[in-house]
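Heads up: the structure comes next, in structure tokens.
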Amino acid sequence: GKGVFRKLAEYATEQLMKSEVNVIYTFPNAKSIHTFLKYNGYSKIETFSTFILPVKVENIIAAKIRFLNIHKVIGVASDLIFDAKSASRNSDFLVEKQERITPDMVELFLAFNAQFENALTRDYAYLHWRYEEKPHGKHYFFTVRKGVKPAACVILSVEELLGCKALVILDFAMISTEAFAQLIAIIRKDSSKYFNENIGMLYTSVSNSNNDSFLKSGFVKIPERFNPRALHLLGKNVSENQKEVLTASNWNFTLSEWDVL
């Protein structure tokens with residue numbers, strides 16, 4: 001109640017504006033968003049879209065209800081629905097679990113991000129620092145290729161969500177939505193083979209510019225009012241040359257930028 005956070009935010013913003021950066025972004029929580037918007041000159045760019053794709057609905061329901069095996073009955077029926085929504089397996093695509101970030105993955109990330117005005121530079125230095133050098137947590141790298149080069153890739157972690165194990169998509173890149181849908185479908189179908197966990201769902205939160213790829217891959221978008229931790233992306237334009245920085249369609253951000261998981 002003494003305005004300490006407001007003063008800290010003002011100081012940080014002032015220091016950044018003295019540097020050579022053109023854009024400042026942040027993901028404030030519900031308690032701090034008002035300060036950034038009213039006192040620090042930030043604008044809301046977008047609220048991330050949150051998606052889930054059940055792998056085994058029984059595991060999700062069982063975390064809350066186990067009465068008369070109702071979780072198994074509902075789970076079997078629901079899994080059939082999501083099976084139908086997933087892409088049919090195409091033998092032209094080959095999924096590979098990678099032990100490390102490969103040059104082909106870096107090339108794919110750079111090409112994918114080049115489609116957007118605003119995105120972090122996902123070169124090898126960044127990806128290695130973010131996922132291979134991070135001191136806690138384990139990350140999993142998957143690619144799918146059609147021919148010689150990867151056509152899509154994802155970086156995952158296993159987290160506890162809604163009382164069950166979830167595959168969290170931290171980052172991704174693709175040449176086409178078809179390739180991405182194939183990769184997601186195979187990871188979902190063969191999760192027991194790839195992970196030593198009883199996976200209940202895939203989960204992610206991303207810029208709205210990527211909505212189409214996730215919806216076409218079978219994911220369900222969670223309404224914001226039902227999301228207990230919606231991610232709000234705020235931005236501050238420091239340079240007059242960055243006129244389109246606050247346009248949501250120009251952004252490609254993932255949970256990687258949030259940098260909590």
Side-chain angles (χ1 to χ4, degrees), residues 27 46 48-53 55 86-87 90 93-116 118-124 126-132 134 137-146 149-159 161 166-191 194-195 199 201-222 231 233 248-261:
F27 292 98
E46 64 176 342
F48 271 22
S49 295
T50 298
F51 293 99
I52 66 167
L53 175 57
V55 174
S86 295
N90 185 334
F93 289 93
L94 176 65
V95 169
E96 297 173 316
K97 183 178 181 182
Q98 306 292 345
E99 295 301 319
R100 58 182 179 83
I101 293 167
T102 66
D104 284 341
M105 288 176 63
V106 175
E107 183 179 331
L108 184 59
F109 270 109
L110 291 173
F112 181 61
N113 274 3
Q115 303 174 58
F116 303 90
N118 305 310
L120 290 190
T121 301
R122 284 165 165 77
D123 54 13
Y124 176 76
Y126 171 79
L127 293 170
H128 176 65
W129 165 79
R130 177 66 176 85
Y131 297 112
E132 294 182 318
K134 197 159 186 177
K138 180 173 177 55
H139 299 108
Y140 302 87
F141 313 115
F142 286 87
T143 60
V144 63
R145 58 183 173 87
K146 186 178 183 181
K149 294 282 188 178
C153 63
V154 293
I155 300 176
L156 307 163
S157 68
V158 178
E159 309 290 344
L161 292 178
L167 298 177
V168 177
I169 300 178
L170 298 171
D171 226 329
F172 58 90
M174 69 190 82
I175 290 176
S176 68
T177 296
E178 179 191 14
F180 182 70
Q182 283 292 314
L183 179 55
I184 294 300
I186 294 171
I187 291 174
R188 176 179 178 268
K189 187 72 173 177
D190 297 336
S191 64
Y194 293 126
F195 305 94
I199 302 298
M201 73 178 91
L202 285 102
Y203 167 92
T204 197
S205 195
V206 296
S207 292
N208 293 298
S209 56
N210 292 299
N211 284 3
D212 188 59
S213 295
F214 281 89
L215 291 171
K216 288 183 177 179
S217 299
F219 283 82
V220 174
K221 184 179 177 181
I222 304 301
L231 297 182
L233 173 62
S249 60
N250 291 336
W251 289 76
N252 176 40
F253 267 21
T254 68
L255 286 177
S256 175
E257 280 77 12
W258 188 40
D259 198 25
V260 172
L261 294 172

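When Phe93, Phe214, Phe142, Phe219 are each tested for a ring-ring contact (aromatic ring centres under 6.0 Å, His included) with Phe180, only one passes: Phe214.
Partners of Glu96 by salt bridge (charged side-chain N to carboxylate O under 4.0 Å, His left out), not counting sequence neighbours, listed by chain and number: Arg145. When the salt bridge (charged side-chain N to carboxylate O under 4.0 Å, His left out) test is applied to Arg122, the partners found at least two apart in sequence or on another chain are Asp171, Glu257.
Residues Val55 and Leu202 are in side-chain contact: their nearest non-hydrogen atoms beyond the backbone lie under 4.5 Å apart. Two residues are said to be in side-chain contact when any heavy atoms from C-beta on lie closer than 4.5 Å; Val95 and Asp190 fail this criterion. Counting only heavy atoms from C-beta outward, the side chains of Ile169 and Ile184 approach each other to under 4.5 Å. Residues Phe48 and Trp258 form no side-chain contact, since every pair of their non-hydrogen atoms from C-beta on lies 4.5 Å or further apart. Residues Asn90 and Glu178 have side chains in contact (heavy-atom distance under 4.5 Å, counting atoms from C-beta outward). Here the side chains of Leu167 and Tyr194 are not in contact, with every heavy-atom distance at 4.5 Å or above. Residues Lys138 and Tyr140 form a side-chain contact, since some pair of their non-hydrogen atoms from C-beta on lies under 4.5 Å apart.
One distance of note links CG of Leu156 with NZ of Lys97; it measures 9.5 Å at 0.5 Å rounding. We find the CZ-OG distance between Arg188 and Ser217 to be 12.0 Å, quoted to the nearest 0.5 Å. The line from CG of Leu120 to CG of Asn113 is 8.0 Å long, rounded to the nearest 0.5 Å. Rounding to the nearest 0.5 Å places CG of Leu255 at 12.0 Å from CD1 of Ile155. Taken to the nearest 0.5 Å, the CG atom of Leu127 stands 8.0 Å off from the CG atom of Leu110.
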Practice item. Just do the side chain to side chain contact (heavy atoms under 4.5 Å, CB included) check on Tyr203 and Ile222 with the steps written out, would you? Key: CA-CA 10 Å; Tyr203 167 92; Ile222 304 301; over 6 Å; no

Point to revise | Leu161/Val168 under side chain to side chain contact (heavy atoms under 4.5 Å, CB included): CA gap, chis, key distance, verdict | key: CA-CA 9 Å; Leu161 292 178; Val168 177; 4.1 Å; yes

Check your understanding: Between Phe172 and Leu183, does a side chain to side chain contact (heavy atoms under 4.5 Å, CB included) hold up when you go through it step by step?
Key -> CA-CA 11 Å; Phe172 58 90; Leu183 179 55; over 6 Å; no

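Among all heavy-atom pairs drawn from Thr50 and Ser205, the shortest one is OG1-OG, 3.2 Å. Summarising the geometry of Tyr126 relative to Thr121, their closest heavy-atom pair is CB-O, 3.4 Å, with the distance given to 0.1 Å. Listed here is the closest heavy atom pair of Thr177 and Ser213: OG1-OG, 3.2 Å. Here the closest heavy-atom approach between residue Asn250 and residue Phe116 is recorded as O-CB, 3.7 Å. The shortest heavy-atom contact between Tyr124 and Glu132 is OH-OE1, 3.8 Å.
When atom types are taken as modelled, the side chain of Glu46 and the backbone of Asn208 share a donor-acceptor pair closer than 3.5 angstrom. The closest donor-acceptor contact from the side chain of Ser86 to the backbone of Gly218 lies at 3.5 Å or more, if one exists at all.
By the neighbour-count criterion of 12 heavy atoms within 6.0 Å, atom NZ of Lys189 is sparsely surrounded, having that number or fewer from other residues, nucleotides or ligands.
Remark: the Asn252 side chain and the Ser207 side chain contain no N/O donor-acceptor pair separated by less than 3.5 Å.
Between Phe253 and Phe27, the angle of the ring planes lies from 30° to 60°, which puts this pair in the tilted group.
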Give the table of side-chain donor-acceptor pairs shorter than 3.5 Å for residues 98-105, with sequence neighbours excluded, one pair per line with atom names and distance.
| from | atom 1 | to | atom 2 | distance (Å) |
| --- | --- | --- | --- | --- |
| Gln98 | NE2 | Thr143 | OG1 | 3.0 |
| Thr102 | OG1 | Met105 | N | 3.2 |
| Asp104 | OD1 | Lys149 | NZ | 3.1 |

